[in-house]
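Some notes on the structure that comes next.
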Amino acid sequence: MFAEVEPVETCGAAEAAQQVMRKRKTTVRKGNAAVNREDDGCKPQGEWVAHVLRIRSAQDKTAFAELFRHFAPRVKAFLIKSGSTPSQAEECTQEVMATLWHKAHLFDPSRASVATWVYTIARNRRIDLLRKERRPEPEELTWGPEAEPDQADIVSLQQETAHLREALKALPEAQRELIEKAYFGDLSHREIAAQTGLPLGTIKSRIRLALDRLRHAMK
Amino acid sequence: MSNEIKHHLTDELLMAYSAGTLPEAFNLMVATHLSLCDTCRAQAESYDALGGCMLQDAPDMVDLADDALDATLALIAGGAAPDLPASPSCDVLPAPLRDYVGGGVSDIKWKPVGMGVKQAILPTSAGASARLLFIPAGAAMPDHGHKGMELTMVLQGAFSDEIDRFARGDIEIADEDLEHMPVADISADCICLAVTDAPLKFNSLIPKLVQPFLRI
Ligand SMILES: [Zn+2]
């Protein structure tokens with residue numbers, strides 16, 4: 001994760017990131033026990049994977065209710081921080097959570113954690129709601145008819161995400177705060193500069209420093 | 001497919017795409033590049049993962065209405081919104097662009113701008129604009145004066161300037177400091193996607209970037 005995108009440069013991290021996205025699942029799979037077994041210290045990541053798979057394969061409303069109780073208050077807070085009114089955020093959160101149910105068959109645990117997946121759905125809905133804009137998404141990757149991710153890919157992706165999460169928690173407050181503003185405040189670096197009174201150069205170097213630390217932590 | 005792409009998106013643009021802070025035209029550019037470039041796609045997914053971690057560990061949570069779960073289950077019972085029909089494939093335009101053109105390369109509604117050069121403005125929101133450019137083989141690109149930041153990505157053919165040669169998938173990032181004279185390769189007509197934040201306002205959404213090509 002977080003390899004520098006420099007022309008003609010490959011490093012271990014870039015390869016690792018590419019490995020994570022090597023395959024893409026097109027069908028439901030069985031036997032996800034390994035996902036839960038492996039994520040010591042970050043149990044929820046794996047738990048939520050199993051929840052989504054239960055929604056997908058068995059329309060499991062109990063699993064959905066648990067997922068809802070965990071993520072809906074976070075999504076609502078995210079939308080309010082990004083500028084929604086509380087009533088807009090309430091309605092939008094319900095739509096995001098319903099989308100999660102309807103798109104459960106598209107969730108790929110070898111490409112994203114459940115939190116990442118929820119984040120992308122909420123972000124796209126926010127753009128739709130607050131800006132009334134379309135959100136262009138990249139073309140779907142096709143890997144041929146029977147390409148399914150193997151357990152090793154799922155486990156490594158979920159573990160990497162757990163590492164990233166720990167690394168993010170370990171960041172100095174000032175750096176973490178800036179990243180949070182960039183993601184949750186719907187603010188460009190320039191707007192963060194205006195809001196915090198810090199020079200743009202300082203904002204950029206703090207964000208760069210934070211990303212460097214995360215990259216380092218991911219090695 | 002992406003192995004030969006030499007000129008990529010910057011980290012700053014990839015992060016902003018993931019955070020959802022770019023104007024629509026720049027989102028279109030990023031989505032189009034990611035469709036052709038696995039390296040940048042993996043990066044973008046890493047930035048999404050960062051967003052996921054932030055969401056997971058956000059210090060604040062806001063309670064939902066008491067009936068929120070029931071209301072959501074009712075929404076679910078109402079069924080999913082129908083998927084938009086996928087546009088037919090096209091060797092030149094990746095899917096995000098086909099959605100904006102309303103078809104493939106033969107459906108682009110070109111308008112001549114002189115010297116055989118043609119353009120087609122794509123419908124995006126205010127704040128930045130996107131257009132497709134057609135430059136006949138061997139011809140020079142029109143002077144499109146970089147007032148703000150402009151990204152140009154090659155979709156067909158190639159062009160060269162003082163910086164380098166740019167082929168399918170390559171992005172040139174230019175701001176007002178760049179003076180160059182791009183010329184299309186003689187072997188094929190060149191089609192590019194160009195987006196700029198210049199005409200409407202001074203750069204409120206796009207961070208001004210260090211020009212990556214200066215670091216090569
Ligand atoms: Zn790239």
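Naming convention: chains lettered A, B, ... in sequence-line order (proteins, then strands); numbering from 1 in each chain.
- B:Asp91 CG: 12 or fewer foreign heavy atoms inside a 6.0 Å radius.
- When all heavy atoms are compared, the tightest approach of B:Leu55 to A:Phe71 is CD2-CD2, 4.5 Å.
- With a 4.5 Å cut-off on non-hydrogen atoms, A:Leu79 does not touch chain B at all.
- Put simply, CZ on A:Arg135 and OH on B:Tyr17 are 4.0 Å apart, with the number rounded to the nearest 0.5 Å.
- Contact annotation: the side chain of A:Lys61 never approaches that of B:Ile76 to less than 4.5 Å [non-hydrogen atoms, C-beta and beyond].
- Across A:Pro136 and B:Ala31, no two heavy atoms sit closer than the pair O-CB, 3.5 Å.
- Atoms NE2 and CE, from A:His189 and B:Met15 in turn, are 5.0 Å apart once rounded to the nearest 0.5 Å.
- With chain A as partner, the option from B:Gly78, B:Ala65, B:Ala81 having the largest number of non-hydrogen pairs under 4.5 angstrom is B:Ala65.
- Rounded to the nearest 0.5 angstrom, B:Cys53 SG and A:Glu166 CD are separated by 9.0 Å.
- We find that B:Glu12 and A:Lys204 are joined by a salt bridge, their nearest charged nitrogen and carboxylate oxygen being less than 4.0 Å apart.
- Most heavy-atom pairs under 4.5 Å with chain A: of the set B:Leu64, B:Leu97, B:Asp99, this distinction falls to B:Leu64.
- Atoms CZ and CE, on A:Phe78 and B:Met61 in that order, are 15.5 Å from each other to the nearest 0.5 Å.
- At distances below 3.5 Å, not a single donor-acceptor pair connects side-chain atoms of A:Thr116 with backbone N or O atoms of B:Gly52.
- Ranked by heavy-atom pairs shorter than 4.5 Å toward chain A, the options B:Leu28, B:Asp63, B:Asp57 are led by B:Asp57.
- Each of A:Lys132, A:Arg131, A:Glu133 was checked for a side chain to side chain contact (heavy atoms under 4.5 Å, CB included) with B:Ser125, and the lone residue meeting it is A:Glu133.
- Neither the backbone nor the side chain of A:Glu91 comes within contact range of chain B, judged by heavy atoms closer than 4.5 Å.
- Considering only heavy-atom pairs separated by less than 4.5 Å from chain A, the leading option among B:Thr32, B:Val62, B:Val30 is B:Val62.
- For the side chain to side chain contact (heavy atoms under 4.5 Å, CB included) with A:Met97, the qualifying choice from B:Thr72, B:Leu75, B:Leu73, B:Leu69 is B:Thr72, the only one to do so.
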Original post:
A:Arg111 and B:Asp48: salt bridge (Lys or Arg N to Asp or Glu O under 4.0 Å), yes or no, with the steps?
Top reply: CA-CA 11 Å; A:Arg111 298 274 299 277; B:Asp48 285 348; over 6 Å; no

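- Between the CG atom of A:Leu211 and the OH atom of B:Tyr47 there is a distance of 4.5 Å, given to the nearest 0.5 Å.
- Judged by distance alone, the side chain of A:Glu139 and the main-chain N or O of B:Ala95 form a donor-acceptor pair under 3.5 Å.
- B:Gln56 is not listed as a side-chain neighbour of A:Val114, based on a closest heavy-atom distance of 4.5 Å or more.
- The minimum heavy-atom distance linking B:Ala71 with A:Gln94 is given by the pair CB-OE1, 3.3 Å.
- Pairing each heavy atom of B:Met54 with each of A:Arg176, the nearest pair is CE-O, 4.2 Å.
- Nearest heavy atom pair, residue B:Ser35 against residue A:Pro138, reads OG-CA, 3.5 Å.
- Interatomic distance, A:Arg165 CZ to B:Leu50 CG, rounded to the nearest 0.5 Å: 13.0 Å.
- Both the backbone and the side chain of B:Ser18 have a heavy atom closer than 4.5 Å to some heavy atom of chain A.
- Residue contact with chain B, scored on non-hydrogen atoms closer than 4.5 Å, involves the backbone and the side chain of A:Arg134 alike.
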